[in-house]
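Note that these values count all heavy atoms, side chains included, but never hydrogens, waters or copies made by symmetry. Because the structure is a prediction, the values reported are computed rather than measured.
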Amino acid sequence: MKIAPSLLSADFGNLERDVRACEAGGADVLHVDVMDGHFVPPITFGPVVMQALKRITNLPLDVHLMVTNADHQAEQFAAEGASWISIHAEVCPHLHRSLNNIRSLGCRAGVVLNPVTPLSFAMEAAEAADFVLLMSVNPGYGGQSFIPSFLRRCETLRSWLDANGLSHVEIEVDGGIKIGNVKDVVNAGASILVSDSGLMHGDIAASIKAMREAV
Ligand code: DX5
Ligand code: ZN
């Protein structure tokens with residue numbers, strides 16, 4: 001089980017302080033939400049921020065690309081030190097090519113599905129992926145409510161992956177993850193837990209430790 005705090009609610013005037021707090025809490029990876037103002041309304045980080053993050057931490061950087069031009073941006077973020085890159089099936093029509101390209105850049109490749117996107121998109125592409133990110137909210141904003149159908153979707157996908165020789169493909173969950181529901185999502189088969197509003201306000205290190213204990 002890996003905990004991936006999202007930097008979406010980090011204090012950008014004190015980014016290093018918040019990254020240190022994530023490290024102190026035992027975060028396994030830092031989740032970097034890249035939004036382009038097209039695929040989702042807000043605009044967040046570009047590769048220059050990634051470059052700065054890379055200078056201050058050795059934690060793997062998990063780049064969630066909520067962008068329409070994912071192939072191009074994957075190359076930019078890989079060049080700045082991303083360790084994991086995930087791309088949305090809804091805007092990537094050539095998933096095998098895109099995922100293979102991310103792997104060839106030296107990164108772990110993930111395919112992301114919005115809450116209503118059929119699981120078959122991930123199943124068909126799973127051989128080219130290292131992880132599947134199942135959204136448990138519609139992407140674009142932190143602080144939204146967990147959509148309960150995630151649990152059924154996650155159980156179905158986990159069983160399918162295990163039954164098809166793809167046990168090594170991890171499931172990441174993103175959206176509305178809090179101490180109160182982490183046990184349920186892990187029981188459903190998720191092994192990478194993204195959380196922004198559940199961790200990044202108040203004492204970040206203590207919240208990460210509490211989340212791990214809750215699981
Ligand atoms: C949503 C982003 C998430 C977001 C999660 O579009 O992909 O990573 O930061 O925020 P919370 O944990 O507050 O739902
Ligand atoms: Zn995300």
Side-chain angles (χ1 to χ4, degrees), residues 1-35 42-66 73-74 76-87 102-103 105-110 112 130-137 139 141-144 146 168 170-183 185-186 190-215:
M1 199 269 296
K2 300 182 181 81
I3 296 186
S6 163
L7 297 176
L8 198 57
S9 290
D11 178 348
F12 296 131
N14 291 286
L15 195 52
E16 182 166 7
R17 182 198 66 193
D18 285 1
V19 168
R20 294 281 168 259
C22 291
E23 292 171 342
D28 299 282
V29 54
L30 293 177
H31 186 78
V32 181
D33 283 308
V34 176
M35 306 185 189
I43 295 175
T44 57
F45 317 96
V48 288
V49 176
M50 267 281 310
Q51 196 183 55
L53 284 168
K54 195 65 195 166
R55 280 203 305 272
I56 62 170
T57 186
N58 290 322
L59 283 177
L61 298 172
D62 166 29
V63 176
H64 174 191
L65 287 179
M66 286 162 275
Q73 291 304 332
Q76 306 302 304
F77 280 88
E80 299 301 350
S83 297
W84 307 4
I85 296 179
S86 56
I87 54 176
I102 290 170
R103 282 178 162 174
L105 296 165
C107 300
R108 296 185 83 217
V112 194
D130 299 297
F131 62 100
V132 176
L133 169 47
L134 289 183
M135 294 304 302
S136 40
V137 297
Y141 305 94
Q144 302 181 84
F146 178 80
H168 59 281
E170 292 184 273
I171 299 179
E172 181 172 25
V173 58
D174 186 1
I177 299 302
K178 315 270 187 212
I179 284 175
N181 60 15
V182 280
K183 213 165 172 180
V185 302
V186 169
S191 60
I192 307 163
L193 313 178
V194 176
S195 182
D196 172 28
S197 53
L199 297 176
M200 297 303 289
H201 302 298
D203 187 337
I204 295 172
S207 299
I208 295 171
K209 287 177 188 164
M211 184 170 279
R212 198 178 296 282
E213 274 161 29
V215 175

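Distance check: E16 CD to R55 CZ gives 10.0 Å after rounding to the nearest 0.5 Å. Taking OG of S83 as the start and CG of D62 as the end, the distance is 9.0 Å to the nearest 0.5 Å.
The minimum heavy-atom distance linking A10 with L15 is given by the pair CB-CD1, 3.8 Å. Of all non-hydrogen atoms in C107 and A78, the two that sit nearest each other are SG-CB, 3.9 Å. Residues L61 and G81 share a closest heavy-atom pair of CD1-O, 4.5 Å. Across all non-hydrogen atoms, the minimal contact from E23 to N58 is OE2-N, 4.3 Å. Of all non-hydrogen atoms in G175 and F146, the two that sit nearest each other are O-CD1, 3.6 Å. Of all heavy-atom pairs between A82 and M50, the closest is N-CE, 3.3 Å.
Contact check for V173 versus L134: no side-chain heavy atoms found under the 4.5 Å cut-off. Contact of the M211 side chain with the M1 side chain is not registered, since no non-hydrogen atoms from C-beta on lie closer than 4.5 Å. Inter-residue side-chain proximity for R103 and D130 is flagged as met; some heavy-atom pair is nearer than 4.5 Å. At least one side-chain heavy atom of L30 sits less than 4.5 Å from a side-chain heavy atom of C22. R20 has its side chain within reach of I56: a pair of non-hydrogen atoms, C-beta onward, lies under 4.5 Å apart. By the 4.5 Å heavy-atom criterion applied to side chains, I3 and V215 are not counted as neighbours. Side-chain contact check for E172 versus H64: every heavy-atom pair is 4.5 Å or farther apart. Proximity of I177 to V182: side-chain heavy atoms (C-beta onward) are separated by under 4.5 Å at one or more points.
Side chain of D174 to main chain of V194: no donor-acceptor pair is present (N/O by atom type, distance under 3.5 Å, no hydrogens or angles).
Ring-plane geometry between W84 and F131 is classed as tilted, the angle between the planes lying from 30 to 60 degrees on a 0 to 90 degree scale.
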(request) List the steps and the verdict of side-chain contact (heavy atoms from CB on, under 4.5 Å) for F45 and L7. (result) CA-CA 10 Å; F45 317 96; L7 297 176; 4.2 Å; yes

(request) Please step through side-chain contact (heavy atoms from CB on, under 4.5 Å) for the pair E170 and R108, ending with a clear verdict. (result) CA-CA 11 Å; E170 292 184 273; R108 296 185 83 217; 2.9 Å; yes

(request) May I have the step-by-step check of side-chain contact (heavy atoms from CB on, under 4.5 Å) for S197 and K178, ending in yes or no? (result) CA-CA 8 Å; S197 53; K178 315 270 187 212; 2.8 Å; yes

(message) Evaluate F12 against V49 for side-chain contact (heavy atoms from CB on, under 4.5 Å), listing each step before the verdict.
(response) CA-CA 10 Å; F12 296 131; V49 176; over 6 Å; no

Please tabulate, for the side chains in residues 198-209, all donor-acceptor contacts under 3.5 angstrom to protein atoms that are two or more places apart in sequence or on a different chain.
| residue | atom | partner | partner atom | Å |
| --- | --- | --- | --- | --- |
| D203 | OD1 | A205 | N | 3.3 |
| D203 | OD1 | A206 | N | 3.1 |
| S207 | OG | D203 | O | 2.9 |

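Under a cut-off of 6.0 angstrom, the local environment of NZ in K183 is sparse, with at most 12 non-hydrogen atoms contributed by other residues, nucleotides or ligands.
Using modelled atom types and a 3.5 Å distance limit, the side chains of D33 and H31 yield a donor-acceptor pair.
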